[in-house]
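Not measured: the values here are computed from a predicted model. These numbers come from the heavy atoms of this one structure, side chains and all, not from hydrogens, waters or symmetry mates.
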Amino acid sequence: MLERIREGSQSFTAKAILVLIILTFALAGVGGYITGDTEDAVAKVNGEEIPRSDYDRAYENERSRLQEQFGDMFSAITSDPEYMRSLRSRVLEQLIEQELLVQYAEDSGMRVGSEQVKAAIRDIPQFRTAGQFDNDVYLMALRNAGYSPEAFAKVMQQDMTRNQLLRGLSQSEFVLEPEALAFLRLQNQTRSGGFLVANNESFEGQVEVAESDIETFYQQNQDMFRTEEKLSVAYVELSLAAIESDIEIADEEVREYYEQRQQQYATEEERRVSHILIEFDTENAKEKAEEALAELEQGADFAEVAQTYSDDTFSAEQGGDLDWVEAGMMDEDFDAAVFALENIGDLSEIVETSFGYHIIKLTDLREGTVTPFSEVEDEVRQQLLAEKAEDRYFEKQQKLAEISFEQPDTLEPAADEIGATVRRTDLFTRERAPTPLSDDVILNNLFSEQLIEEKLNSDVIETSDDRSLVVRVTEHQPVRVKDLDEVREQIVAELRVEKAQELALQQAEEWMQAWQSGEETSGEIVWVDSITRNNNEHPRAIVQELFSMSPSATADENTFTTVALPNGDAAVVALTEFNPGNANEEQLDELQSQLQNRQAQVMLQAFINNLKSDADIQRLSTR
């Protein structure tokens, strides 16, 4: 129980309550609050549209998150159409819930000031270089994501407002110390008693199974007798690893490869620069840039001029410092100007980029270096090997695709062309597929309606472990309900256990009455002393029953019950004593926090559900 509570307190919902900024880059953040140009909407929430662009962005964010989470398994997951439909639905519901929370917070008068938003943006790791906020990185990231600074600030403001609401709601939940103590005592309670088992097998000889019982059981339990879908297939496999193992590379090739690609083994030159930025929308922007440059040329301190003139307020506070940059990190024109400066302390002319007018100063320089061949020979050889193998792999993959498409009812010509063998399988189910075919991507294709019906060659199927296959279904056995004669023995066995358990329960009732009366019973009583809920020395069903029984109001009076066990046996269970558990004070604070988090999650979900039930929500197509 404590473990389940701990897991709950670590869930996404609980963490979402506490995190303000990081959600900006997850689904819950930048997902859905910018009203853009007129476009079709995926939903309307109380008259407010959720534009398709917001949905697309949120969907791609979630795909990226899943790809990072599942790694090589991602392609298998996304090849399942049902899962992807579910994913799209979840994304839409997330956006609807986000919109409802923002609407409620704003209607309740909750606001976040512009200075708070500014501070939050500065703290986002994705906008920092060497621990400092980098305005150019910030602006470039916004451009790549399709945001203007104003639109992104609005996203942040709404996100922070929504989280202000969530924190307020969650922190209104509390658990009193007596509640936590009571829970601990209940959790740590021990019980004593005994049990007596009537074994099923002792009564099977007394059971008679009628034909009518068999037919009734068969008709009422059809799902028990359904076969699994089975396939047999032919396939051709192409493996990058197998191709790589067949390639030999001469030493001369390795040296030549290194010479041609020395830049790959070089450390790039790095330059530390400061800049002053005058944005285009600043009044008399070009003139201000010229004024700043003139002051610098007359000997003014760069840091002071940056603080006076620069619209990049974040870097201006650091004297205009942008830290270390490499070629290609910045805007093309900015980059060219940086690497045109020859000496530390040199100033550029006014540089015009898509962000505005810049004046750039070179403040430090690190020369690039080239790693000697002797130090990277093994790495170069492996890179050359991988490159050759990939070229050969894709060449064969293309031939495999072309020939298997041109001759769709046979795989032999394609296999001959790439030097492979056509392999064939016996019938198998999805859960017991041969190892080479057990990849989910392959199975999703094999068990698709199209391949089963047409029995033609598939397209090339690529797996996460660098294999390519073309498969063809050769035989298909659909799901069916087995005939009664096929399962008669199974039904008889089931009915014998079922009817024998009824007799065992009758025996258990008789034993219980004798036990309560103090009379002898024909079975042997197993006594248990001060066991906990997690006891695994005795049948789990009996332990659970012992802890579900209500103690007698009289201390010297035992409590009895009978219980059917999962294996077909029956038992009498007696509760003779229970002891309240000890409350470990060291666990109290942690437990109170866990219980509070759990209650907060339940309350927040109920709150969101209530908002949804009261709202006017129109879910439109996400396609």
Side-chain angles (χ1 to χ4, degrees), residues 8-36 39-66 69 83-112 117 120 147 151-152 154-173 597-623:
S9 71
Q10 298 300 316
S11 70
F12 176 79
T13 309
K15 290 180 179 178
I17 297 167
L18 306 176
V19 178
L20 284 175
I21 305 307
I22 210 67
L23 291 180
T24 307
F25 292 97
L27 172 62
V30 297
Y33 305 128
I34 307 170
T35 25
E39 56 175 309
D40 60 328
V42 292
K44 289 185 179 179
V45 181
N46 293 325
E48 292 292 327
E49 291 187 348
I50 297 178
R52 181 171 298 279
S53 60
D54 291 357
Y55 169 82
D56 291 341
R57 185 181 293 114
Y59 177 70
E60 288 306 317
N61 285 342
E62 182 66 357
R63 278 181 60 94
S64 298
R65 186 189 69 80
L66 289 172
Q69 177 181 348
Y83 180 86
M84 297 310 293
R85 279 193 291 271
S86 172
L87 173 63
R88 293 187 184 94
S89 176
R90 290 201 308 272
V91 170
L92 181 60
E93 290 307 306
Q94 283 273 7
L95 290 177
I96 290 170
E97 291 174 8
Q98 304 278 332
E99 179 64 28
L100 284 169
L101 288 168
V102 169
Q103 289 179 10
Y104 184 90
E106 292 180 346
D107 290 346
S108 300
M110 295 185 180
R111 298 292 184 270
V112 174
V117 174
Y147 289 106
F152 185 73
K154 183 179 179 182
V155 169
M156 289 291 296
Q157 187 173 44
Q158 291 183 321
D159 192 38
M160 294 169 70
T161 302
R162 177 177 56 81
N163 280 282
Q164 187 180 70
L165 169 64
L166 291 174
R167 287 199 318 278
L169 290 169
S170 66
Q171 291 171 6
S172 67
E173 288 295 317
N597 284 339
R598 188 182 187 189
Q599 289 183 193
Q601 292 174 51
V602 173
M603 184 275 295
L604 287 173
Q605 191 57 57
F607 178 77
I608 291 172
N609 291 342
N610 189 56
L611 288 180
K612 291 174 79 171
S613 65
D614 292 341
D616 178 15
I617 300 172
Q618 299 177 48
R619 295 170 179 81
L620 309 174
S621 174
T622 56
R623 289 288 184 178

Do [X] and [Y] have side chains that approach each other closer than 4.5 Å (heavy atoms only, starting at C-beta)?
X      : Y      : answer
Met110 : Tyr104 : no
Leu100 : Ile617 : yes
Leu101 : Asn163 : no
Arg63  : Met84  : yes
Val117 : Val112 : yes
Arg57  : Asn61  : yes

Set of residues satisfying side-chain contact (heavy atoms from CB on, under 4.5 Å) with respect to [X], sequence neighbours excluded:
X      : answer
Asn610 : Ser613, Asp614
Gln599 : Glu173, Val175
Asp107 : none

Minimum heavy-atom separation for [X] and [Y], please, with both atom names.
X      : Y      : value
Ala43  : Leu92  : CB-CD1, 4.0 Å
Pro51  : Val42  : O-CG2, 4.2 Å
Val91  : Tyr59  : CG1-N, 3.9 Å
Leu604 : Ser170 : CD1-CB, 4.1 Å

- Looking only at atom types and distance, does a side-chain atom of Gln103 sit under 3.5 Å from a main-chain N or O of Val45, one as donor and one as acceptor? yes

- Backbone of Glu106 reached by a side-chain donor or acceptor of Arg111 within 3.5 Å: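 Checked: pair present.
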
- Task: Answer yes if the side chains of Asn609 and Gln605 hold a donor-acceptor pair under 3.5 Å, and no otherwise.
- Result: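 Gln605 and Asn609 do have a side-chain donor-acceptor pair below 3.5 Å.
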
- Message: Here's a test for you: under side-chain contact (heavy atoms from CB on, under 4.5 Å), which of Lys44, Glu48, Glu49 qualifies with Glu99?
- Response: Glu48

- Query: Out of Glu97, Glu93, Met603, which one pairs with Ile608 under the side-chain contact (heavy atoms from CB on, under 4.5 Å) rule?
  - Reply: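 One option only clears the test, and that one is Glu97.
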
- Query: Atom CG of Leu166 and atom CZ of Phe607: how far apart are they, to the nearest 0.5 Å?
  - Reply: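 So the gap between those two atoms works out to 8.5 Å.
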
- Note on the structure: Here the gap from Arg85 atom CZ to Ser89 atom OG, rounded to the nearest 0.5 Å, amounts to 11.0 Å

- Query: What residues form a side-chain hydrogen bond (donor to acceptor under 3.5 Å, both in side chains) with Gln157, not counting sequence neighbours?
  - Reply: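 Once residues adjacent in sequence are excluded, Gln157 has no partner under the side-chain hydrogen bond (donor to acceptor under 3.5 Å, both in side chains) criterion.
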
- Could I get the full list of side-chain hydrogen bond (donor to acceptor under 3.5 Å, both in side chains) partners for Ser86, not counting sequence neighbours? Arg90

- Query: Should Arg52 and Leu620 be marked as a side-chain contact (heavy atoms from CB on, under 4.5 Å) after you check the CA-CA gap, both sets of side-chain angles, and the distance that decides it?
  - Reply: CA-CA 10 Å; Arg52 181 171 298 279; Leu620 309 174; over 6 Å; no

